[in-house]
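This report refers to the structure that appears directly beneath it.
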Amino acid sequence: MLYSKLAELYENLGNTTKRLEKIEILSKFLEYLSEKDKDILYLLNGEIYPTYDERKIGISNQLVIKAISKASGNSPDKVVQEWKKIGDLGKVAEKLINTKKQSTLFLKSHLTTDKVIENLRKLPELEGEGTIEKKLILITELLISASPIEALYIVRTLLGDLRIGIQESTIRESLAKAFFNSDKESSKIIQEAIDHSNDLAKVFLISKKGKISEFDKIGLEVGKPIKAMLAQKVKNIEEGFKAVGKPCAIEYKYDGFRLIIHKKDSKIKLFTRKLENVTKQFPEAVEYIQKYVRGESFILDSEAIGYNKKTKEYTPFQAISQRIRRKYNIEKIREELPIEINVFDILYYNGKSLIKEPFEKRTQLIRKIIKETPYKIVSSKQIITDDLNKAEEFYKKALKDNQEGIMMKNLSTAYQPGNRVGHMLKVKPSEKDLDLVITGAEYGTGKRSGWLSSFILSCMGKEEQEFLEIGRVGTGIKEKDEQEGVSFNELNDLLKPLIIKEQGKDVKIKPKIIVAVTYQEIQESPNYSSGWALRFPRITSLRPDKHLSEIASLQEIEKEVKGQKSN
Ligand code: ATP
């Protein structure tokens with residue numbers, strides 16, 4: 001397909017903020033998309049491979065600036081100057097390439113989506129000497145053959161920021177509309193297929209057949225990450241019993257991070273809930289699984305928690321969150337911040353999917369195949385009870401053991417990847433904290449000059465990919481890297497490459513870095529676009545394991561405010 005057709009689609013989608021209109025436009029496009037163009041589904045989601053694939057585009061602003069400069073015949077300084085004015089490198093490419101094309105009387109682009117995908121896919125493959133130069137050639141080649149509007153979307157794709165307001169759910173609804181007339185059941189089945197496969201092109205091909213029964217072919221595949229099942233929250237144990245029924249399983253709610261473990265052909269892979277492969281970061285986990293879990297092939301769901309190697313006391317999540325991202329000096333950090341794996345679910349065992357099996361059966365199997373080895377790998381602490389007193393006692397014990405609370409689980413339900421289900425509930429002491437994304441910052445003065453020192457926090461708006469500001473935070477961040485939690489250094493390193501626009505001391509930042517924030521209260525405020533402001537916010541940790549779509553939404557904030565009033 002000509003890339004201009006896709007660029008036109010992007011334009012049309014970007015021109016409306018209405019979800020239903022987006023679905024209408026996208027479903028028409030999908031209806032006529034041929035099978036051989038299936039990889040366009042990845043591009044629509046801002047990717048070049050299925051979501052589970054580790055090969056991401058990963059291009060910096062600086063490289064894009066160089067490529068625009070080369071392709072348009074302008075100096076890099078001129079590109080930067082325009083960038084500061086316009087605040088969107090895509091628009092800069094559109095403008096500068098436009099001037100060039102007019103002067104060379106270039107009429108029409110013949111760039112195809114295949115060529116764009118081909119060049120983009122070469123980018124993550126490059127390694128070693130001359131990588132930057134080679135990447136520059138690949139990008140410049142695309143920009144030279146692009147029309148201005150194509151250049152806009154090539155640049156936005158490179159930077160992972162299409163700005164067309166499309167999420168996976170919009171693609172799901174559009175597939176349902178294009179091939180199943182928006183039948184409610186089809187939308188659910190398509191979502192299930194996405195959650196199992198994390199491969200939109202594959203789901204498109206099956207949807208195109210127009211037969212629901214075709215979806216049976218999508219099953220779990222060991223080695224490919226699946227979305228984790230998520231929990232809903234209840235206020236207390238009584239409410240929990242009402243929702244999940246009696247008796248139920250009650251487990252420790254560990255204060256760590258989710259690790260989904262796959263074993264196939266003697267190889268272990270570890271994934272986060274964001275589907276990131278973190279096997280290299282946790283060599284000890286691989287050893288423990290090889291040694292203490294029996295089975296040829298399996299998928300386990302677990303929480304990894306940290307502990308103090310001297311006192312053997314369990315530590316909070318923020319103490320070990322840096323292990324998820326750390327890719328160097330692994331041996332040293334593994335010594336300093338050891339982890340224990342607590343397995344709480346099993347989805348697949350020796351060639352058989354277990355997700356439709358009742359939880360009770362799954363949890364029994366875990367206990368059969370793990371050789372309990374404290375401070376290495378264990379099955380999660382669990383009781384099965386219908387007794388409120390016993391449950392309360394267990395809850396207290398979990399808190400005393402430095403864990404966050406308890407999980408209450410219905411005994412007979414299936415595992416539903418990617419769903420926030422009402423049969424797995426979390427009970428924890430009410431504490432005010434939210435996961436929010438940083439969308440702006442301010443440079444400090446004095447000893448902090450040149451440093452970003454206060455940060456704008458945003459929640460998710462009502463429209464998809466709309467971020468609304470809800471406060472500014474400068475506390476909770478540590479001065480020194482060695483201290484527990486997130487440091488100024490770390491935040492600056494993460495945020496500076498994401499700066500989209502600078503104006504005096506203020507900068508706009510591409511929404512990517514998620515932080516957990518505690519606060520005292522939420523107040524009405526005309527100063528922030530959400531209409532609300534956090535009082536005394538404090539950053540407690542980075543959430544590298546969370547996906548952007550999982551940050552707090554405006555709806556949740558408004559619910560919190562209602563809760564505040566009724567307390
Ligand atoms: P959420 O996962 O619900 O989006 P979150 O990451 O802020 O939110 P919590 O709300 O604190 O986490 O609780 C859910 C998380 O608790 C799960 O995603 C999982 O990582 C963790 N967890 C700890 N212990 C268990 C357990 N026994 N069973 C299931 N999940 C557990």
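Worth knowing before you read on, the calculation uses all heavy atoms, side chains too, and leaves out hydrogens, waters and symmetry mates. In each ligand, atom 1 is the first atom listed, and ligand 1 is the first ligand listed.
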For residues 220-231, run the donor-acceptor check on the side chains, cut-off 3.5 Å, and write out each pair with its distance to 0.1 Å, sequence neighbours left out.
| from | atom 1 | to | atom 2 | distance (Å) |
| --- | --- | --- | --- | --- |
| E221 | OE1 | K224 | NZ | 3.3 |
| E221 | OE2 | K202 | NZ | 3.2 |
| E221 | OE2 | K224 | NZ | 3.4 |
| K224 | NZ | Y52 | OH | 3.3 |
| K227 | NZ | E168 | OE1 | 2.8 |
| K227 | NZ | E168 | OE2 | 3.3 |
| K227 | NZ | D195 | OD1 | 3.1 |

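- From K332, atom NZ reaches atom CG of L337 across 9.5 Å, with rounding to the nearest 0.5 Å.
- The residues lining ligand 1, counting any heavy atom closer than 4.0 Å, are L230, A231, E251, Y252, K253, Y254, R258, R273, E303, F344, E404, M407, K409, R420, K426, K428, D435, R543, K546.
- In this structure, K269 does not pair ionically with E54, as no charged nitrogen and carboxylate oxygen lie closer than 4.0 Å.
- By the 30° and 60° cut-offs, the orientation of the rings of Y375 relative to Y314 is parallel.
- Sorted by first and then second residue, the ring pair (Phe, Tyr, Trp, His ring centres under 6.0 Å) pairs involving residues 381-435 (not counting sequence neighbours) are Y252-F394.
- Residues that satisfy the salt bridge (Lys or Arg N to Asp or Glu O under 4.0 Å) test with E357, not counting sequence neighbours, are K352, K361.
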